[in-house]
Peer 1: 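Please see the structure below; I have some questions.
Only this structure's heavy atoms are used, side chains among them; waters, hydrogens and symmetry mates stay out.
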Amino acid sequence: MTTLTLEVPKSLEKDREDTVRFIAAKLYESDKLTLGQAAQMAGMKKWDFAEILVDYGIHYLEPALREDLEAMERERK
């Protein structure tokens, strides 16, 4: 991993941990990070991170299952 400095509003200072988790979750959701990479970024174990994804409106699915669901959705159209 590399270090990235990000300026955020002072109001987020007390919620640093939640802010990092949120960013990691959104990067996972957009397929920019794997589950393991996002968990590492958040400083968590992979399965603990997977459990908190729901807090951010993200539902964890195995990548193969996600691909199957996306393929089924495309076939419906």
Side-chain angles (χ1 to χ4, degrees):
M1 289 242 163
T2 187
T3 300
L4 176 68
T5 303
L6 178 66
E7 287 189 40
V8 297
K10 198 96 162 128
S11 62
L12 292 177
E13 185 175 19
K14 64 181 166 100
D15 299 318
R16 181 189 183 286
E17 191 174 284
D18 288 336
T19 301
V20 172
R21 287 179 180 177
F22 176 79
I23 293 169
K26 291 301 181 178
L27 288 170
Y28 168 75
E29 181 182 38
S30 64
D31 293 324
K32 301 291 184 191
L33 295 178
T34 65
L35 182 66
Q37 290 168 327
Q40 182 181 9
M41 180 179 169
M44 301 177 73
K45 293 181 181 176
K46 185 165 46 173
W47 301 118
D48 292 336
F49 184 75
E51 289 179 2
I52 67 142
L53 287 174
V54 174
D55 296 341
Y56 301 109
I58 303 166
H59 299 280
Y60 170 75
L61 293 173
E62 291 290 333
L65 179 55
R66 185 185 312 167
E67 289 173 13
D68 289 345
L69 290 173
E70 289 171 356
M72 288 182 351
E73 189 65 31
R74 283 191 301 272
E75 289 175 11
R76 284 185 187 177
K77 294 179 179 180

Peer 1: Consider only side-chain heavy atoms of I, L, V, M, F, W and Y, link residues closer than 4.5 Å, and tell whether Met41 and Leu4 are in one cluster.
Peer 2: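 No: no chain of side-chain contacts under 4.5 Å links Met41 to Leu4.
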Peer 1: Below 3.5 Å, can you tabulate the donor-acceptor pairs from side chains in residues 16-23 to any protein atom, sequence neighbours excluded?
Peer 2:
residue : atom : partner : partner atom : Å
Glu17   : OE2  : Arg21   : NH2          : 3.1
Thr19   : OG1  : Asp15   : O            : 3.0

Peer 1: Side-chain heavy atoms nearer than 4.5 Å, only ILVMFWY residues, links allowed to pass through others: does that put Ile58 and Trp47 together?
Peer 2: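 Yes, Ile58 and Trp47 fall within the same hydrophobic cluster.
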Peer 1: How close do Tyr28 and Ala38 get, counting heavy atoms only, and between which atoms?
Peer 2: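 Minimum heavy-atom contact is CB-CB, 3.9 Å.
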Peer 1: Check salt bridge (charged side-chain N to carboxylate O under 4.0 Å, His left out) between Lys26 and all other residues, then give those that pass, not counting sequence neighbours.
Peer 2: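 With neighbours one apart ignored, the set is Glu29.
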Peer 1: side-chain hydrogen bond (donor to acceptor under 3.5 Å, both in side chains): which pairs involve residues 33-42, sequence neighbours left out?
Peer 2: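 Residue pairs with at least one partner in residues 33-42: Thr34-Gln37.
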Peer 1: What residues, two or more places apart in sequence or in another chain, satisfy salt bridge (charged side-chain N to carboxylate O under 4.0 Å, His left out) together with Lys10?
Peer 2: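 Scan of Lys10 (salt bridge (charged side-chain N to carboxylate O under 4.0 Å, His left out), adjacent residues dropped) gives Glu13.
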Peer 1: Can you list every pair that meets salt bridge (Lys or Arg N to Asp or Glu O under 4.0 Å) and has a residue in residues 35-47, with sequence neighbours left out?
Peer 2: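 Listed by first then second residue: nothing to list.
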Peer 1: Quick one: list whatever passes side chain to side chain contact (heavy atoms under 4.5 Å, CB included) with Val54, sequence neighbours left out.
Peer 2: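 Val54 satisfies side chain to side chain contact (heavy atoms under 4.5 Å, CB included) with His59 once adjacent residues are dropped.
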